[in-house]
> 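Handing you a structure now.
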Amino acid sequence: MGSGSSVNVNYKYSLQKSENAFKAAVLIQRWYRRYVARLEMRRRCTWRIFQSIEYACEQDQIKLHNFFSYLMDNFTPSSSKERDFISRMFISGESFKEAELEKYCDYESLEVPDSYTGPHLSFPLLPDHATALLEAFKQKQQLHARYVLNLLHETRKHLKQLPNISHVSTCYSEEVTVCGDLHGQLDDLFLIFYKNGLPSPSKSYVFNGDFVDRGKQSLEILIILFTFLLIYPKEVHLNRGNHEDHMVNLRYGFLVGLMTMSRVSIQNLTQLLFSCSFRYGFTKEVMQKYKLHGKKILKMIQNVFCWLPLATLIDQKVLVIHGGVSDTTDLDMLEKIQRNKFISVLRAKKRKELNRNVEIKEINGESQAEPDSAGNETMSSLPSQPRPAQAPSMANRVEFSRWVRQTVQEQIEWCRKLVDISDSEEEELTCSSLVSLTDLDGPCWTRQEEWKQILDILWSDPMPQEGCRENTVRGGGCYFGPDVTGKILEKYNLQFLIRSHECKQDGYEFCHNRKVLTIFSASNYYEIGSNRGAYVKLGPDLVPHFVQYQANKTAHTLTMTQRISRVEESAFRALREKLFAHTSALISAFKVYDKDNTGRITLSNWATAVESVLRLGLPWRMLRPQLVRSTADGMLEYKSWLDDLAMEQRSQEHIQSSLLEVIYRNRSNLETIFRIIDRDHSGLISFEEFHQTWKLFSSHMNIELTDDGINDLVRSIDFNKDGNIDFNEFLEAFRLVKQSQ
């Protein structure tokens, strides 16, 4: 009896113990799930911040060129000298004919000195040359300019023989490896070759564009890929990406490492700017590595880029393109396009082409003007152009500078309104086709259709919704839905699409019922630990097999929490910079909700106002705890909050916040404009270049300035009196004019 009760007690105790263990397990499981869910929410928010800022920069690039397009279309050169200057600025790639290009980039005239210890190339290339290059680049050695130009020359000859759509078969090799964006990250390419093997007769590769920009070693990647392309022309295939574009290369990362400042205040300012989220640009990289022959190398690369194939077909069943497709994508048209015409899909539509449209309309009896209510003919819905005030005397530099800046700002705002109007019209395009000023053969609509075909496959992104709509986030290409994908696959009897163009956390991602595969090969793209890189292997069965990797050793040592925290910190730092750059606009937006002028608004109104200014499509209410200090009554003192942002960005010299804000907001456009004018990429603008550029603006804006007046202006900006304007002087003049207001 006693032993029975003892057993019963033990049983109850064991049962209670087990029950407690189960409860503890459930509590731990709930806690872990909430913890993982919070981490995933932080990761997604961070990812969205990075992508929104990245795509906003691409959109700014297109808007800037739309603005220049408008100026070009409304500027009439008064002399052949001005016409030549405009051609050099905007169609420099077309100004070289075949013989002229080879003469300009003559590699045979360059001698390799005996002191050169880097790799040597001789043509035709052999596998040993590729191995030597890989080892040399691992040792941070540099290939001599003669060999670079020779390699580009041979690559160009080979690419010219290739069709627009390359065809690859798994019958001739065990498998085909497809790699996505590399963006100048050489370590990722080394790791791919280490894991997967070098290209060979039994190892085919397709590199799906975006080899350059953002990373530090874009040129080395190009040299390696072009070398393997020439050694194994049937096994190595290169597609063009949206960054294999002359105008895109001009914008990205131009400022990094460019300037050595002579003035303390500007030096601290630019150091502050450099500490922000700048990435390396290809144009700047080439000029930095090859100071003497960089212009020739850039000219050749620019021409090589436009000869890159547009797509690759694997076994006639898998289409590999960089960006995506649209509801108008036509592979038959893509195969027939003269692809080398499109040096940049961001270039401006030329005036003669527009004039031709006008002539066609006049022939057809159509009018460019519409009668108003009084019967007078007016341009439809165009805002009136503001008349500039009379120019003050040049003797008063401060007043003259203020007048110039005010007049230019008014005219730029007017131009922006015109650009917005033209963007909304059906027949107008966000970007314009690249057409030579002298190339007028064939109907205009054909060029627009050809241009759109290339723009769509280079810039488009998939979306989960049905249909096809304009990609307003990037500013170019379109969003295409699963129905568009299905129609393309059915029309051309394809199994699925492989594309790149978007960074993915795992290096790859399926969408559209596994009919669209995104592959991205640049690991740690936004920040160390932000994402893996990946490549995909296809055998005869065309079943994709993925290999993921992290090229940075530090990323392997970080826990998931540490990785997310590190990436999150970087993302919010970039977002605060973006907020600071729009301080003035934010104050105006906040005042709309602060009708009593109390300096306080609700947190909900704060989120609405911020989105109305930045238009990044971010979940501001979710991001608020990282950006705004918690308040007891749910109200925000927005002026104090903006002051805190300014303190984070301000340099030790206490540079005026409003000036810093303006430079932050306009830095990319200032850099691109400077680079466009600086056609030889020397980092200097000659007096003649500045003179002709100012005439482009002043002629269109009805600003009456004599040649002597422009010369006085340019001499006043040339602070060191060396006969050129460098970016330091350009920025210093901007600072002085701003501070004089």
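These numbers come from a predicted model, not from an experiment.
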> Can you list the residues that meet the side chain to side chain donor-acceptor pair (under 3.5 Å) rule with H237, with sequence neighbours excluded?
none
> Are the side chains of F226 and I301 in touch, meaning some heavy atoms are under 4.5 Å apart?
no
> More than 12 heavy atoms of other residues, nucleotides or ligands under 6.0 Å from CD of E569: is that the case?
no
> Once side-chain contact (heavy atoms from CB on, under 4.5 Å) is applied, do any residues pair with R514, and if so which ones, sequence neighbours excluded?
F510
> Any donor and acceptor pair, going by atom type alone, linking the side chain of Q550 with main-chain N or O of S523 inside 3.5 Å?
no
> Is the backbone N or O of L627 less than 3.5 Å from a side-chain atom of W641, with the two atoms forming a donor-acceptor pair by type?
yes
> I'd like to know if the side chain of T329 reaches the main chain of V325, judged simply by a donor and an acceptor atom lying under 3.5 Å from each other, with no hydrogens or angles considered.
no
> Distance-only, no hydrogens or angles: does the Q548 side chain make a donor-acceptor pair with backbone N or O of D506 under 3.5 Å?
yes
> Partners of K537 by salt bridge (Lys or Arg N to Asp or Glu O under 4.0 Å), sequence neighbours excluded?
E175
> If you compare all heavy atoms of Y479 against all heavy atoms of P462, which two are closest, and at what distance to 0.1 Å?
CD2-O, 4.2 Å
> For residues K578 and L614, report the shortest heavy-atom separation together with the two atoms involved.
CG-CD2, 3.8 Å
> Within the structure provided, determine whether V178 and I314 are in side-chain contact (heavy-atom separation under 4.5 Å).
yes
> Mind checking the CG-CZ spacing from L636 to F590? Nearest 0.5 Å is all I need.
7.0 Å
> How would you list, by chain and number, every residue that makes a side chain to side chain donor-acceptor pair (under 3.5 Å) with Y549, sequence neighbours excluded?
none
> Could I get the full list of side chain to side chain donor-acceptor pair (under 3.5 Å) partners for D483, not counting sequence neighbours?
none
> Sub-3.5 Å donor-acceptor pair from the side chain of D188 to the main-chain atoms of A522, do we have one?
no
> Does a donor on one side chain and an acceptor on the other come within less than 3.5 Å for S604 and T602?
no
> With side-chain contact (heavy atoms from CB on, under 4.5 Å) as the test, would you mind laying out the steps for F282 and L219 before giving the verdict?
CA-CA 8 Å; F282 181 57; L219 185 57; 4.2 Å; yes
> Which pair of heavy atoms, one from K591 and one from Y638, lies closest together, and at what distance?
CG-OH, 3.8 Å
> Quick check: do W606 and V628 have side-chain heavy atoms less than 4.5 Å from each other?
yes
> Tell me if a side-chain donor or acceptor on S460 pairs with a main-chain N or O of I457 at a distance below 3.5 Å.
no
> So, the side chain of E244 versus the backbone of D210: is there a donor-acceptor pair under 3.5 Å, distance only?
yes
> Hey, are the side chains of F572 and E568 touching, using non-hydrogen atoms and a 4.5 Å cut-off?
yes
> Checking R48 now: which residues fulfil side-chain contact (heavy atoms from CB on, under 4.5 Å) with it, not counting sequence neighbours?
S52, L618, P619
> Considering only heavy atoms from C-beta outward, does the side chain of L189 approach that of F207 to under 4.5 Å?
yes
> Measuring only between side-chain heavy atoms, which start at C-beta, is N196 closer than 4.5 Å to V547?
no
> Could I get the full list of salt bridge (Lys or Arg N to Asp or Glu O under 4.0 Å) partners for D456, not counting sequence neighbours?
K452
> Parallel, tilted or perpendicular, judged at 30° and 60°: which one describes the rings of H183 and F520?
tilted
> Determine whether the side chains of D181 and Y525 contain a donor N or O and an acceptor N or O closer than 3.5 Å.
no
> Taking the side chain as every heavy atom from C-beta outward, state whether L182 and I192 have any atom pair closer than 4.5 Å.
yes
> If you apply the rule side-chain contact (heavy atoms from CB on, under 4.5 Å), what do you find for L238 with Y205, and how did you get there?
CA-CA 8 Å; L238 309 180; Y205 277 89; over 6 Å; no
> Hey, mind stepping through W459 and N471 against side-chain contact (heavy atoms from CB on, under 4.5 Å) and telling me if it holds?
CA-CA 9 Å; W459 282 84; N471 193 334; over 6 Å; no
> Show the nearest heavy-atom pair for residues S218 and D213, with the distance to one decimal.
OG-N, 3.0 Å
> Can you name the salt bridge (Lys or Arg N to Asp or Glu O under 4.0 Å) partners of K504, sequence neighbours left out?
E502, E509
> Do the non-hydrogen side-chain atoms of E220 and K138 ever get within less than 4.5 Å of each other?
no
> Output, in order, the C-alpha distance, side-chain angles, deciding distance and verdict of side-chain contact (heavy atoms from CB on, under 4.5 Å) for D187 and N552.
CA-CA 8 Å; D187 288 342; N552 189 286; over 6 Å; no
> Could you tell me whether a side-chain N or O of Q288 sits under 3.5 Å from a main-chain N or O of E285, the two making a donor and an acceptor?
no
> Of all heavy-atom pairs between V484 and C468, which one has the smallest distance, and what is that distance?
CG2-CB, 3.9 Å
> Determine yes or no for a side-chain-to-main-chain donor-acceptor pair under 3.5 angstrom, with S570 supplying the side chain and V567 the backbone.
no
> Using the salt bridge (Lys or Arg N to Asp or Glu O under 4.0 Å) rule, collect all pairs that involve residues 602-618, keeping only residues at least two apart or in two chains.
none
> Could you pull out all residues at least two apart from Y508 that satisfy ring pair (Phe, Tyr, Trp, His ring centres under 6.0 Å)?
F546
> Salt bridge (Lys or Arg N to Asp or Glu O under 4.0 Å) with D461: which residues, sequence neighbours excluded?
R474, R499
> Can you give me the closest heavy-atom contact between H322 and R240, atom names plus distance?
CB-O, 3.5 Å
> Backbone N or O of Q562 within a donor-acceptor pair of the S565 side chain at under 3.5 Å?
no
> Not counting sequence neighbours, which residues clear side chain to side chain donor-acceptor pair (under 3.5 Å) with N208? List them please.
N239, S500
> V536 and side chain to side chain contact (heavy atoms under 4.5 Å, CB included): which single residue from C179, S521, P544 fits?
P544
